[in-house]
Amino acid sequence: MTDPLKPQKPLPVLATGDLSFAAGDDGRLTIAPTVVSKVAAIAAREVSGVHSLGLGSARAVTAVRDRIPGAQPTPPSGVSVEVGQTQAAIDIDLIVEYGAPITDIARQVRRQVISAVEQFTGLEVVEVNITVDDINLPSGAHDIEGPRLQ
């Protein structure tokens, strides 16, 4: 029995293959990399100025694959993770809204993802690599090249 007034230390995390295990007093907890990916994706989408994650074609393939009955759940498009013994590294592909300051968005996404993943999983996030793949243009702004020279 634990003392509710005594601060609790986080459980140690052990890794085997693609799964992470947190050793507890009464057994172990398994956290799949897909869980870390989903937490990171939700956290990234909460940042103002983020339009979506991943490239359009990857999102379309994932959406079709997720509709197939009996298919394995796929990690969110635009997020990939590596889970070690006590740490995780996360790569995120973003599409940002036009006019939003990209470096500020990347900084906020990084902070939000680190906070959420560490809070929910207990893993230490050692890096969050962000790639901005595209900018979502407002409707009516499709001709960004202007007149062509002849």
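Just so you know, these numbers come straight off a predicted model, no measurement behind them.
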Checklist line | Partners passing side chain to side chain contact (heavy atoms under 4.5 Å, CB included) against Ser115 (at least two apart in sequence or in another chain) | finding: none
Checklist line | Contacts of Gln112 that satisfy side chain to side chain contact (heavy atoms under 4.5 Å, CB included) - sequence neighbours left out | finding: Ala43, Glu46, Val47
List the atom of [X], the atom of [Y], and the distance in Å for their closest heavy-atom pair.
| X | Y | value |
| --- | --- | --- |
| Ile105 | Ala100 | CD1-CB, 3.1 Å |
| Phe120 | Val39 | CD1-CG1, 3.7 Å |
| Ala44 | Val109 | CB-CG1, 3.9 Å |
| Pro33 | Val81 | O-CG2, 3.6 Å |

Co-membership, hydrophobic cluster, residues [X] and [Y], 4.5 Å side-chain:
| X | Y | value |
| --- | --- | --- |
| Ile114 | Val35 | yes |
| Val50 | Val132 | yes |
| Ile130 | Leu53 | yes |
| Ile42 | Val96 | no |
| Val126 | Val128 | no |

Check: Would one find more than 12 heavy atoms of other residues, nucleotides or ligands at under 6.0 Å from atom CD of Glu82?
Finding: no
Side chains of [X] and [Y]: closer than 4.5 Å at any heavy-atom pair?
| X | Y | value |
| --- | --- | --- |
| Thr86 | Leu123 | no |
| Val79 | Ile90 | yes |
| Val125 | Val113 | no |

Next item on the list: Nearest 0.5 Å please: distance from the CG atom of Asp93 over to the CG atom of Asn129.
Entry: 10.5 Å
Checklist line | Distance in Å, Asp133 CG paired with His51 NE2, rounded so as to fall on 0.5 Å steps | finding: 12.5 Å
Item checked: salt bridge (Lys or Arg N to Asp or Glu O under 4.0 Å): pairs with one or both residues in residues 107-128, sequence neighbours excluded -> Asp104-Arg107
